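Report on the structure given below.
Note that the structure is a prediction, hence the values are computed from the model and not measured. Whatever order the structure lists them in is the order used to number ligands and atoms, beginning at 1.
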Amino acid sequence: MEIAYFNGSFLSRDQIHISPDDRGFLFADGVYEVARWYEGFIYDMEGHMARLMRSLKEVRIEWDDADSFPAVAMELIVRNNLNDKPSLIYLQVTRGAAKRSHAFPSPPIPPTVYAFARGFNPEKEMISSGINVILHEDTRWSRCDIKSVSLLPNILSFQEARDSGSFECIFVRDGMITECAHSNVFFVLDGILNTHPLSEKVLAGITRKNILRLARESGITISETALPASSLGDISEAFVTNTSFEIAPVISIDGKIVGKGKPGPVTRLLREKFDAEILALKG
Ligand code: PDD
């Protein structure tokens with residue numbers, strides 16, 4: 001029986017009933033987080049916590065118990081017997097349930113908070129051998145820095161990638177590469193590791209932040225600048241990062257082979273550094 005968290009209580013999932021008037025359902029008026037459990041600890045929970053607080057603030061949703069997120073996440077791991085399983089913790093906060101109106105409910109109402117933890121198969125071998133991706137116009141809104149549950153453009157673009165046998169899609173806005181449907185993207189160009197700078201055009205990925213730190217510690221030169229899609233022919237490596245698959249080397253973009261068509265040295269080094277960090281944290 002799966003136990004989930006709902007508005008302050010831990011309940012069997014089938015006991016949870018969300019109102020049809022919930023603003024998450026009616027307007028996608030909410031934000032979310034995804035964190036990873038590594039059979040002993042949650043990776044960079046402080047980072048996920050800080051990003052959640054920021055998302056809530058930016059969309060003006062008040063969740064008085066926001067600092068309970070780490071405790072809720074741990075409790076879900078324990079109650080679902082996930083201690084020894086790679087798992088993802090999902091948490092969503094919406095502006096609550098009220099009669100449909102574009103204006104915020106007045107007087108304010110409590111938010112709806114839902115969280116679950118589930119074991120998953122990281123498919124590390126499959127991913128680390130390299131993935132194919134497509135390019136897609138970035139059809140999202142102009143506040144991609146907010147981890148909003150409003151993900152329709154991401155979903156439609158991602159499905160196009162999947163329908164074409166690809167694993168992910170890289171977004172291009174005004175000719176410049178931003179990020180992917182559910183990950184950040186990095187390139188190696190002339191030996192320099194490149195990724196889009198933090199701005200309203202990309203999500204501040206927790207994995208992105210930590211990969212940049214590991215790259216810096218490894219003496220890799222970094223450039224946080226937007227790469228024109230027209231420069232893709234010049235790159236020697238590419239990889240994408242997120243909480244669930246960590247680092248996935250990209251071996252082709254729109255059918256064109258990247259570098260030697262296999263994970264390159266910078267990508268492999270960062271993968272090793274990331275794995276070593278996880279191992280060290282496991283103790
Ligand atoms: N997605 N960019 C986008 C648009 C994302 O949705 C995500 C994560 C990232 C990477 O962020 P992080 O490294 O913090 O996971 C970048 C999660 C995994 C999801 O929606 O399921």
SB check Lys209 Glu46 (cutoff 4.0 Å): no
Taking 4.0 angstrom as the limit, do Lys201 and Asp174 come out as a salt bridge? no
Taking atom types as modelled and ignoring hydrogens, do the side chains of Ser244 and Asn242 form a donor-acceptor contact shorter than 3.5 angstrom? yes
Hey, is Cys144 touching ligand 1 through its side chain, its backbone, both or neither, going by heavy atoms under 4.0 Å? neither
Looking only at protein heavy atoms, which one is nearest to atom 2 (N) of ligand 1, and what is the separation? Glu179 OE1, 2.6 Å
Using 30° and 60° as the class limits, which term best fits the ring planes of Phe41 and Tyr38: parallel, tilted or perpendicular? parallel
Taking NZ, NE, NH1 and NH2 as the nitrogens, is one of them in Lys273 or Glu277 under 4.0 Å from a carboxylate oxygen of the other? no
Under 4.0 Å to a heavy atom of Thr243 - the qualifying atoms of ligand 1, by number: 12 (P), 13 (O), 14 (O), 15 (O)
Can you pull out the closest protein heavy atom to atom 6 (O) of ligand 1? Residue, atom name and distance to 0.1 Å, please. His182 CA, 3.5 Å
Would you mind checking if Asp138 and Arg140 are paired as a salt bridge, meaning a charged N to carboxylate O distance below 4.0 Å? yes
among protein heavy atoms, the one nearest atom 11 (O) of ligand 1 is Gly205 CA, 3.4 Å
Taking only non-hydrogen atoms of Cys180 and a 4.0 Å limit, the atoms of ligand 1 in range are 4 (C)
Tell me, which protein residue and heavy-atom name are nearest atom 1 (N) of ligand 1, and how many Å apart are they? Lys147 NZ, 3.4 Å
When you look for heavy atoms under 4.0 Å from ligand 1, do you find them on the side chain of Leu203, its backbone, both, or neither? side chain
Can you report which non-hydrogen protein atom sits closest to atom 21 (O) of ligand 1, along with the distance? Val34 CG2, 3.7 Å
Within less than 4.0 angstrom of ligand 1, does Ala181 place any heavy atom? yes
Taking the six-membered ring for Trp, are the ring centroids of His182 and Phe158 within less than 6.0 Å of each other? yes
Starting from atom 19 (C) of ligand 1, what is the nearest protein heavy atom, named by residue and atom, and what distance separates them? Tyr32 OH, 3.7 Å
Hey, does Ile206 come in under 3.5 Å of ligand 1, counting only N/O atoms on both sides? yes
Report yes or no: does a heavy atom of Ser183 sit under 4.0 Å from some atom of ligand 1? yes
Could you tell me, atom by atom, which parts of ligand 1 come under 4.0 Å of a heavy atom of Thr207? 12 (P), 13 (O)
Short N-O contact, Glu246 and Arg271, less than 4.0 angstrom: yes
Quick test of your reading of the model: are Arg268 and Glu237 salt-bridged, counting only N-O distances below 4.0 Å? no
Name the closest protein heavy atom to atom 18 (C) of ligand 1, giving the residue it belongs to and the distance to 0.1 Å. Asn242 ND2, 3.8 Å
Which heavy atom of Ser252 sits nearest a heavy atom of Asn132, and at what distance? OG-OD1, 2.8 Å
Short list, please: which atoms of ligand 1 are under 4.0 Å from a heavy atom of Arg51? 11 (O), 12 (P), 14 (O)
